[in-house]
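Just so you know, residue 1 is the first one in the sequence shown, and it goes up from there.
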Amino acid sequence: MTPLAGWWQRAVPATAQERSAALWSFAYFFTLLAGYYVLRPVRDQMGIAGGVRNLPWLFTATFLSLLVAQPLYGELVARLPRVRFISIVYHFFVANLVLFWVLLTFDVERVIVARVFFVWVSVFNLFAVAVFWSFMADLFTAEQGKRLFGFIGAGGTAGALLGPVVTIWLSAPLGPVNLLIAAAVFLEAAVLCVHRIERVADAPTEVDPRRQRVGGSAFAALPELIRSPYLLGVATWVSLLSFGATIAYFAQANIVSATIHDAATQTRLFASIDLAVGLLSLATQVFATAKFLKRFGTGIAAAALPAIYVVGFAALAIAPSLSVVVTLQVAQRWMNFAIANPARQVFFTVVGREEKYKAKNLIDVVIYRGSDALYGWVYDSLQVLGLKLGAIALCALPIAVGWLVLSAALGRTQERLATKTDDKGVPGWQSESLAK
């Protein structure tokens, strides 16, 4: 075995078929997040340009849009095999990008279109990524997920690194509007990867879940969530994830708007934060995530993120400044992408297929953005009451501690459910192991 092959085996401990599926999944996540991170700095600048005071309304509009989109997505999931409905979702987003490009290029109601674009990117981000991780949870078992989700997540991080670079290099010569076309190309490449993953994972089984409809009702997600204490716990975890991210985002928006007044400088700062997060996350995902999950389990891995918020909110309470906010943003997003998010995705490998696509999407999309809207208004209300950033951070501190405790409890439950799932066995290529 060559040194390169030995490093590759250590970085991606898997069978040949698992590794091939993981590589295409890496490419899928890479192209998906590269497209999103081309759009993200443009979205953030448009959000500030529309007025920081309007952000709670934009978050609320995002949530209402998701309430409409969720049952439509559920109908697609119920009626079509996964490769078809995944492709339809991404093609739809590409068509939207082309429409935005036309409207912004010809300067049609620019302020209104910019606000709609902010909402659309927020919807697209959660839907596109939720569909990806539902696919991964359906494709891999819990044991495979612990070994491979860190590496697969590194694909998204690599894409998240490329996106800001594309934005920084091309936003001036091409203009931000033309970056929408680059994002559309990345999304079409993601669809190609979906089809390649299906071919790689082709297994000689009598019942191939990839070609079977998930079935059920378009509105089944809510009953699935309500009757499962485990999924309710995961939903609470995701809501608290939104809580921490929303407090940090609003703190960032307020401090940046008060200290940096040039739109180009604001966009470069946001892109630089994205770049720093990407570098840290990529190194961690390639070299440490799988080892961390294997050694400490999903509970401690999920708890690493609220632990960052506990420290960050305490620091903000003491020194509410731009440097502290930027440090918190980099640290929490790094820990989320590199450690906590792979652990959260493993949580879903131990539930049924319908829950993976419907209840998971309800949790990751509607509940997350609904929590965004709720906590956005909470932040705004606290400001109306006269609380400054330091006092708001102090109020958020005990909530972050409770989130940490919940993480540990969910980890214990996931490990127990994974044992039961393994006892039942799994069909096809998922039953392969490194021991064979």
#### Entry: F149 and F140 aromatic ring geometry - parallel, tilted or perpendicular at 30°/60° bounds
perpendicular
### Message
Are more than 12 heavy atoms, taken from residues, nucleotides or ligands other than W334, located less than 6.0 Å from that residue's CH2 atom?
### Response
no
### Value rounded to 0.5 Å, distance of CG in D364 from CG in L126
8.0 Å
### Query
side chain to side chain contact (heavy atoms under 4.5 Å, CB included) between L64 and V68: does it pass, once the steps are laid out?
CA-CA 7 Å; L64 295 176; V68 175; over 6 Å; no
### Task
Measure the spacing between OG of S323 and CG of L328 and express it to the nearest 0.5 Å.
11.5 Å
### Query
Is any side-chain heavy atom of W403 closer than 4.5 Å to a side-chain heavy atom of L241?
yes
### Query
Which atom names give the shortest non-hydrogen contact between L161 and L282, and what distance separates them?
CD1-CD2, 3.7 Å
### Message
side chain to side chain contact (heavy atoms under 4.5 Å, CB included) for T284 and I339? Distances and angles first, verdict last.
### Response
CA-CA 8 Å; T284 306; I339 301 296; 4.1 Å; yes
### Query
Does F296 CZ have over 12 foreign heavy atoms under 6.0 Å away?
yes
### Short side-chain to backbone donor-acceptor contact, S239 and A235, under 3.5 Å
no
### Query
So, do L139 and R82 sit near enough that their side-chain heavy atoms are less than 4.5 Å apart?
yes
### Message
Between N336 and R333, do the side chains contain a donor N or O and an acceptor N or O under 3.5 Å apart?
### Response
no
### Task
Of all the heavy-atom pairs spanning A343 and T298, show the shortest one and how long it is.
CB-O, 3.7 Å
### Task
Report yes if the side chains of N361 and F127 come closer than 4.5 Å at any heavy-atom pair, otherwise no.
yes
### Task
Return the minimal non-hydrogen interatomic distance between F26 and A158, and the atom names on each side.
CZ-CB, 4.4 Å
### Query
Side chains of V121 and R40: closer than 4.5 Å at any heavy-atom pair?
no
### Task
Report yes or no: does T349 contribute a side-chain atom to a donor-acceptor pair with the main-chain N or O of V346 at less than 3.5 Å?
yes
### Message
In the structure I gave you, are the side-chain heavy atoms of F124 and L187 within less than 4.5 Å of one another anywhere?
### Response
yes
### Query
Taking side chain as C-beta onward, heavy atoms only, is L280 less than 4.5 Å from F337?
no
### Message
Are K360 and Q345 packed together at the side-chain level, in the sense that at least one heavy-atom pair is separated by less than 4.5 angstrom?
### Response
yes
### Message
To check you understand the geometry: which heavy-atom pair defines the closest contact between A189 and T31, and what is its length?
### Response
CB-CG2, 3.8 Å
### Task
Identify the heavy atoms of L410 and G233 that sit nearest to each other, and give their distance.
CD1-O, 3.6 Å
### Query
F250 vs Y379 aromatic rings, parallel, tilted or perpendicular, using cut-offs 30° and 60°?
tilted
### Query
Are the aromatic rings of Y309 and F243 close, with centres under 6.0 Å apart?
no
### Donor-acceptor contact present, side-chain S134 to main-chain K356, <3.5 Å
yes
### Query
Should N125 and Y368 be marked as a side chain to side chain contact (heavy atoms under 4.5 Å, CB included) after you check the CA-CA gap, both sets of side-chain angles, and the distance that decides it?
CA-CA 11 Å; N125 172 34; Y368 185 85; over 6 Å; no
### Task
May I ask you to decide if A338's main-chain N or O and T289's side chain share a donor-acceptor pair within less than 3.5 Å?
yes
### Task
Measure from the side-chain N and O atoms of Y36 to the backbone N and O of G163, and report whether any donor-acceptor pair falls under 3.5 Å.
no
### Query
Once you round to the nearest 0.5 Å, how far does CG of L72 lie from CZ of F92?
8.5 Å
### Message
For a side chain to side chain contact (heavy atoms under 4.5 Å, CB included) check, start with the C-alpha distance between F117 and L39, then their side-chain angles and the critical distance, and finish with the verdict.
### Response
CA-CA 10 Å; F117 180 76; L39 300 173; 4.0 Å; yes
#### Entry: Aromatic centroids of F348 and W133 separated by under 6.0 Å
no
### Query
Which heavy atom of S242 sits nearest a heavy atom of Y375, and at what distance?
OG-CD1, 3.8 Å
### Message
Please report the interatomic distance CD(Q252) to CG(L322), rounded to the nearest 0.5 Å.
### Response
8.5 Å
### Distance, nearest 0.5 Å, that separates CD1 of I399 from CZ of F313
8.5 Å
### Donor-acceptor contact below 3.5 Å, side chain S257 vs main chain N254
yes
### Query
Do H195 and S87 have side-chain heavy atoms sitting under 4.5 Å apart?
yes
### Message
I need the T157 OG1 to L162 CG distance, nearest 0.5 Å.
### Response
12.5 Å
### Message
Can you tell me how the ring of Y90 sits relative to the ring of F93, calling it parallel under 30°, perpendicular over 60° and tilted otherwise?
### Response
tilted
